[in-house]
K.L.:
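What follows is a structure written as structure tokens; I'll ask about it next.
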Amino acid sequence: MDLQLENRLALVTGSTAGIGYAIARVLAAEGARVVVNGRTQAGVDAAVARIRKETGRQALGFAGDLSTAVAAETVVNAYPGIDILVNNLGIFEAVPFEQIPDEDWRRFFEVNVLSGARLARMVLPGMRKANWGRIIFISSESGMHIPAEMVHYGMTKAAQIAVARGIAETVAGTGITVNSVLPGPTKSRGVGDFVESLAKDRGISADQFETDFFAHVRPTSLLKRFATTEEVAAMVAYVASPLASATTGAALRVDGGTVKSAF
């Protein structure tokens with residue numbers, strides 16, 4: 001299927017690995033001019049080179065912490081006319097609620113929520129002028145099913161859903177769409193490392209940990225396995241395309257049926 005993304009300028013935040021990299025890779029493969037983002041120049045350069053090797057397409061890069069206003073302003077000035085903004089930048093950690101200090105609540109909000117809201121605010125004028133654009137927040141099923149072990153993370157994922165819907169309301173009747181995509185448990189680099197560490201601590205294999213995880217921690221999953229980053233990226237690529245022009249203001253689940261709802 002031709003997603004009609006040729007020459008569209010796309011910024012994918014936090015895209016040197018994991019879900020972000022998979023999104024950047026598929027958008028590049030579909031012909032978009034993708035700006036890969038990470039905190040270090042070495043990481044960005046490596047991801048750009050990998051995309052070029054795997055897709056035969058060119059990719060652009062921006063090294064900087066896009067949770068900061070300075071870096072956000074810099075990237076928008078460096079790459080004017082962004083058509084597609086994928087707010088993937090995010091952090092997570094498992095911490096008991098009683099042990100989460102105020103500064104971590106602020107840090108999670110600033111990185112996971114404010115960074116995306118800020119970038120959306122910056123690119124919207126250009127999208128309005130062109131009467132076309134795509135803004136996508138990579139939220140999580142944790143925004144609907146708040147995990148007891150990561151309440152602050154779940155809070156930010158719920159906030160992303162709200163922000164995306166709110167922005168969509170402000171661009172009603174235009175060619176701009178705004179959506180959130182909600183992956184379920186996905187085997188990204190961070191999750192893979194986390195699983196390997198926990199499995200080692202328990203003296204079991206990663207495969208056994210995955211089986212136990214879906215039996216006891218996410219028993220509502222219909223997939224019964226971690227999704228791949230490519231499976232999530234496929235949904236994002238479609239939503240970013242002109243073909244998804246009637247999809248806006250939505251919270252689109254790629255959660256393997258983890259959220260026990262038909263709606």
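A quick note: this is a predicted structure, and the numbers were derived from the prediction, not measured. One is the number of the first residue; the rest follow in order along the sequence.
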K.L.:
Would Arg118 and Glu73 satisfy side-chain contact (heavy atoms from CB on, under 4.5 Å), going step by step from the backbone distance to the final call?
P.N.:
CA-CA 9 Å; Arg118 179 188 293 119; Glu73 184 175 356; over 6 Å; no
K.L.:
Is there a side-chain contact between Ile23 and Ser15, using heavy atoms and a 4.5 Å cut-off?
P.N.:
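In short, these two side chains do not touch, never coming nearer than 4.5 Å.
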K.L.:
I need the Lys187 NZ to Glu210 CD distance, nearest 0.5 Å.
P.N.:
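Spacing of NZ (Lys187) from CD (Glu210) equals 5.5 Å.
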K.L.:
Show the nearest heavy-atom pair for residues Ile167 and Thr170, with the distance to one decimal.
P.N.:
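Reported closest heavy-atom pair: O-OG1, 2.6 Å.
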K.L.:
Do other residues, nucleotides or ligands put more than 12 heavy atoms under 6.0 Å from Arg39 CZ?
P.N.:
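Atom CZ in Arg39 is not packed in, count stays at 12 or less.
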K.L.:
Set out, in order, the CA-CA distance, both residues' side-chain angles and the distance that settles side-chain contact (heavy atoms from CB on, under 4.5 Å) for Asp45 and Val48, then state yes or no.
P.N.:
CA-CA 5 Å; Asp45 290 345; Val48 166; 5.7 Å; no
K.L.:
Can you measure from CZ (Phe137) to CG (Asn112) and round to the nearest 0.5 angstrom?
P.N.:
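It is 11.5 Å, given to the nearest 0.5 Å.
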K.L.:
How about NZ on Lys224, more than 12 heavy atoms from neighbouring residues, nucleotides or ligands closer than 6.0 Å, or not?
P.N.:
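Result for NZ/Lys224: enclosed.
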K.L.:
To the closest 0.5 Å, what do you measure between CZ (Arg253) and CG (Leu182)?
P.N.:
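Arg253 atom CZ to Leu182 atom CG measures 8.0 Å (nearest 0.5 Å).
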K.L.:
Grab the two heavy atoms, one from Arg52 and one from Ala59, that are nearest each other, plus how far apart they are.
P.N.:
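Here Arg52 and Ala59 meet closest at NH2-O, 3.1 Å.
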K.L.:
Ignoring hydrogens, what is the shortest heavy-atom contact between Ala24 and Ile51? Give both atom names and the distance.
P.N.:
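For Ala24 and Ile51, the tightest heavy-atom pair comes out as CB-CD1, 3.9 Å.
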K.L.:
Between atom CG of Leu66 and atom OG1 of Thr68, what is the distance when rounded to the nearest 0.5 Å?
P.N.:
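These two atoms lie 7.0 Å from each other.
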K.L.:
Are Phe97 and Met155 connected, step by step, through hydrophobic side chains (Ile, Leu, Val, Met, Phe, Trp, Tyr) whose heavy atoms are closer than 4.5 Å?
P.N.:
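In one cluster: yes.
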K.L.:
Check whether any side-chain heavy atom of Ser140 lies under 4.5 Å from a side-chain heavy atom of Phe92, and answer yes or no.
P.N.:
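In short, these two side chains do not touch, never coming nearer than 4.5 Å.
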K.L.:
At their closest point, which heavy atom of Arg128 faces which heavy atom of Val171, and how far apart are they?
P.N.:
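Shortest heavy-atom contact: NH2-CG1, 3.7 Å.
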K.L.:
Decide whether Val259 and Leu222 are clustered together by the hydrophobic rule: side chain heavy atoms of Ile, Leu, Val, Met, Phe, Trp, Tyr closer than 4.5 Å, transitively.
P.N.:
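No: no chain of side-chain contacts under 4.5 Å links Val259 to Leu222.
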K.L.:
Leu27 and side-chain contact (heavy atoms from CB on, under 4.5 Å): which single residue from Leu5, Val236, Leu3 fits?
P.N.:
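When side-chain contact (heavy atoms from CB on, under 4.5 Å) is applied between Leu27 and each of Leu5, Val236, Leu3, only Leu5 qualifies.
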K.L.:
Can Tyr238 and Val26 be said to form a side-chain contact (heavy atoms from CB on, under 4.5 Å), step by step?
P.N.:
CA-CA 10 Å; Tyr238 168 71; Val26 71; over 6 Å; no
K.L.:
Could you please spell out the steps behind the salt bridge (Lys or Arg N to Asp or Glu O under 4.0 Å) verdict for Glu169 and Arg165?
P.N.:
CA-CA 6 Å; Glu169 296 279 354; Arg165 175 67 198 194; 2.7 Å; yes
K.L.:
Would a 4.5 Å heavy-atom cut-off, applied to side chains only, mark Val95 and Asp104 as touching?
P.N.:
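In short, these two side chains do not touch, never coming nearer than 4.5 Å.
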K.L.:
Taking the side chain from Asp83 and the backbone from Gly133, do they hold a donor-acceptor pair closer than 3.5 Å?
P.N.:
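Judged by distance alone, no pair lies under 3.5 Å.
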K.L.:
Which atoms form the tightest heavy-atom contact between Pro183 and Ser139, and what is the distance?
P.N.:
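Heavy-atom minimum between the residues: CD-O, 3.3 Å.
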K.L.:
Show the numbers, then the answer: is there a salt bridge (Lys or Arg N to Asp or Glu O under 4.0 Å) between Arg57 and Glu6?
P.N.:
CA-CA 11 Å; Arg57 299 277 191 162; Glu6 195 73 32; 3.1 Å; yes
K.L.:
Rounded at 0.5 Å granularity, tell me how far CZ in Phe62 sits from CD in Gln41.
P.N.:
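So the CZ of Phe62 and the CD of Gln41 are separated by 9.5 Å.
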K.L.:
Is the backbone of Val239 close enough, under 3.5 Å, to the side chain of Asn179 for a donor and an acceptor to pair up by distance?
P.N.:
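Not a single qualifying donor-acceptor pair exists.
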K.L.:
Do Glu231 and Thr186 have side chains that get closer than 4.5 Å, going by heavy atoms?
P.N.:
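A side-chain contact is absent here, since even the closest heavy-atom pair is not under 4.5 Å.
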K.L.:
State the NE2-NZ distance between His152 and Lys157, to the nearest 0.5 angstrom.
P.N.:
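Reported value, rounded in 0.5 Å steps: 12.0 Å.
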K.L.:
Does the side chain of Phe226 reach to within under 4.5 Å of the side chain of Arg218, using non-hydrogen atoms?
P.N.:
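No. Closest side-chain heavy atoms not under 4.5 Å.
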K.L.:
Between Val75 and Leu11, is there a side-chain heavy-atom distance shorter than 4.5 Å?
P.N.:
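Counting from C-beta outward, Leu11 and Val75 do come under 4.5 Å.
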K.L.:
For Ser188 and Gly18, which heavy atoms make the closest approach, and how far apart are they?
P.N.:
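Smallest interatomic distance, heavy atoms only, reads CB-CA, 4.0 Å.
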K.L.:
Show, in sequence, the C-alpha distance, side-chain angles and deciding distance for Phe214 and Leu223, and conclude whether the side-chain contact (heavy atoms from CB on, under 4.5 Å) test is met.
P.N.:
CA-CA 9 Å; Phe214 286 99; Leu223 196 60; over 6 Å; no
K.L.:
Would you say Arg134's side chain and Ser241's backbone share a donor-acceptor pair under 3.5 angstrom?
P.N.:
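Pair found, side chain donor or acceptor close to backbone of Ser241.
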K.L.:
If you define the side chain from C-beta out and look only at heavy atoms, does anything of Ile138 sit under 4.5 Å from Thr13?
P.N.:
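No, their side chains stay 4.5 Å or more apart.
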K.L.:
Should the heavy atoms of other residues, nucleotides or ligands under 6.0 Å from CD of Glu54 be counted, would the total exceed 12?
P.N.:
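Yes, the 6.0 Å shell around CD holds more than 12 heavy atoms from other groups.
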K.L.:
So, is the end of the Arg50 side chain (NZ or CZ) under 6.0 Å from the ring centre of Tyr21 and within 45° of the ring's axis?
P.N.:
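Yes, cation above the ring, under 6.0 Å and within 45°.
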K.L.:
What I'd like to find out is whether the side chain of Ile91 reaches to under 4.5 Å of the side chain of Arg107, using heavy atoms alone.
P.N.:
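The answer is yes, as the side chains (C-beta and beyond) meet within the 4.5 Å cut-off.
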